[in-house]
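Taking it in order: structure first as structure tokens, then the write-up.
Bear in mind that the values here come from a model prediction, so they are computed numbers and not experimental data.
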Amino acid sequence: MAIVWIAVAVLVIYIILLYNRLLAMRNWIKESFAEIEVYLQNRYDTLIKVAETVVGYAKYEKNTLKEITRIREGLNDRTPSEKLQKFDELNEKLEGFRVHVEAYPELKASKNFLHLQQTANDLEEKLSAARRTYNSNVIAFNTSIGTFPALLFAQVLGFKAYPVYEVPQAKKEDVSMKQMLNG
């Protein structure tokens, strides 16, 4: 009888330790995703400043700025994967500004514009690092809930796999600057 009680006690201790470890890992995922959101928001704000600077140069950019604002609305009420998808849409629109800037040499020479471009580049590097951290946390968590014996208890305890941030296939393909300028 004592052996049964010891086995039950060991199992209960294991489940408690497993729950606490998985909870900590889930919180690391949430924290790293929040970091991505901060950098995405900072990049968005910086690129909007770039866009507003460019708006004075062409009507196309003004319409694109309106479209960017429309996409940005309602972002807070979305799941992490939906947010990443929306930010990718925003990024596509904002990348259009970068390409069209080539047509305005006097704008490219502006100190304010150059500062905004440098800020955007710095944010891209930080965002890339934040995405790597997020993916690393997600992979560690998903591995933990998918390995034996944790997989027997993880779902019962309410732990489900998180999606890894993946770059859309369109962004993996070669980019033709000529096509982007004409398209």
Q: Return the minimal non-hydrogen interatomic distance between Arg43 and Leu127, and the atom names on each side.
A: NH1-CD2, 3.5 Å
Q | Connected via hydrophobic side-chain network under 4.5 Å: Phe33 and Val38 | A | no
**Q.** Exercise: do Ser136 and Arg132 side chains pair donor with acceptor under 3.5 Å
**A.** no
Q. Once you round to the nearest 0.5 Å, how far does CG of Leu151 lie from CD1 of Ile145?
A. 9.0 Å
Q. Looking at CG of Asn42 and CG of Asp122, how far apart are the two atoms once the value is rounded to the nearest 0.5 Å?
A. 11.5 Å
Q: May I ask you to test the Leu157-Ile15 pair for a side-chain heavy-atom distance under 4.5 Å?
A: yes
Q. If you take all heavy atoms of Ser144 and Met25, which pair is closest and at what distance?
A. OG-CE, 3.4 Å
Q) If two hydrophobic side chains count as joined below 4.5 Å and joins carry through other members, does Ile13 share a cluster with Phe148? A) no
Q. Shortest non-hydrogen contact from Ile36 to Arg131?
A. CD1-CA, 3.8 Å
**Q.** Inter-residue atom distance Arg26.CZ - Phe159.CZ, 0.5 Å rounding
**A.** 4.5 Å
**Q.** Considering all heavy atoms, the nearest Leu18-Ala150 contact
**A.** CD1-CB, 3.7 Å
Q) Distance from Gln118 atom CD to Leu123 atom CG, nearest 0.5 Å? A) 10.0 Å
**Q.** Test item: Trp5 and Met1 side chains (from C-beta on) under 4.5 Å apart, heavy atoms
**A.** yes
Q) When you look at Tyr134 and Tyr162, which way does the ring-ring contact (aromatic ring centres under 6.0 Å, His included) test go after all the steps? A) CA-CA 10 Å; Tyr134 171 80; Tyr162 277 81; 7.4 Å; no
Q) Hey, are Asn27 and Glu31 close enough side-chain-wise for a donor-acceptor pair under 3.5 Å? A) no
Q | Heavy-atom closest contact (Ser32 atom, Thr133 atom, distance) | A | CB-CG2, 4.1 Å
Q | Side chain Asn135, main chain Tyr165, donor-acceptor under 3.5 Å | A | yes
Q.
Once rounded to the nearest 0.5 Å, what's the spacing between atom CD of Glu125 and atom OH of Tyr39?
A. 11.5 Å
(Q) I'd like to know if Leu22 and Ile16 are part of one continuous hydrophobic network [Ile/Leu/Val/Met/Phe/Trp/Tyr, side-chain heavy atoms within less than 4.5 Å]. (A) no
Q.
Quick check on the 6.0 Å ring-centre criterion: do Tyr19 and Phe153 meet it?
A. no
Q) Quick check: are there more than 12 heavy atoms from other residues, nucleotides or ligands sitting under 6.0 Å from CG of Leu152? A) yes
(Q) Suppose clustering is done on Ile, Leu, Val, Met, Phe, Trp and Tyr with side-chain heavy atoms closer than 4.5 Å. Which residues sit in the same group as Ile6? (A) Val10
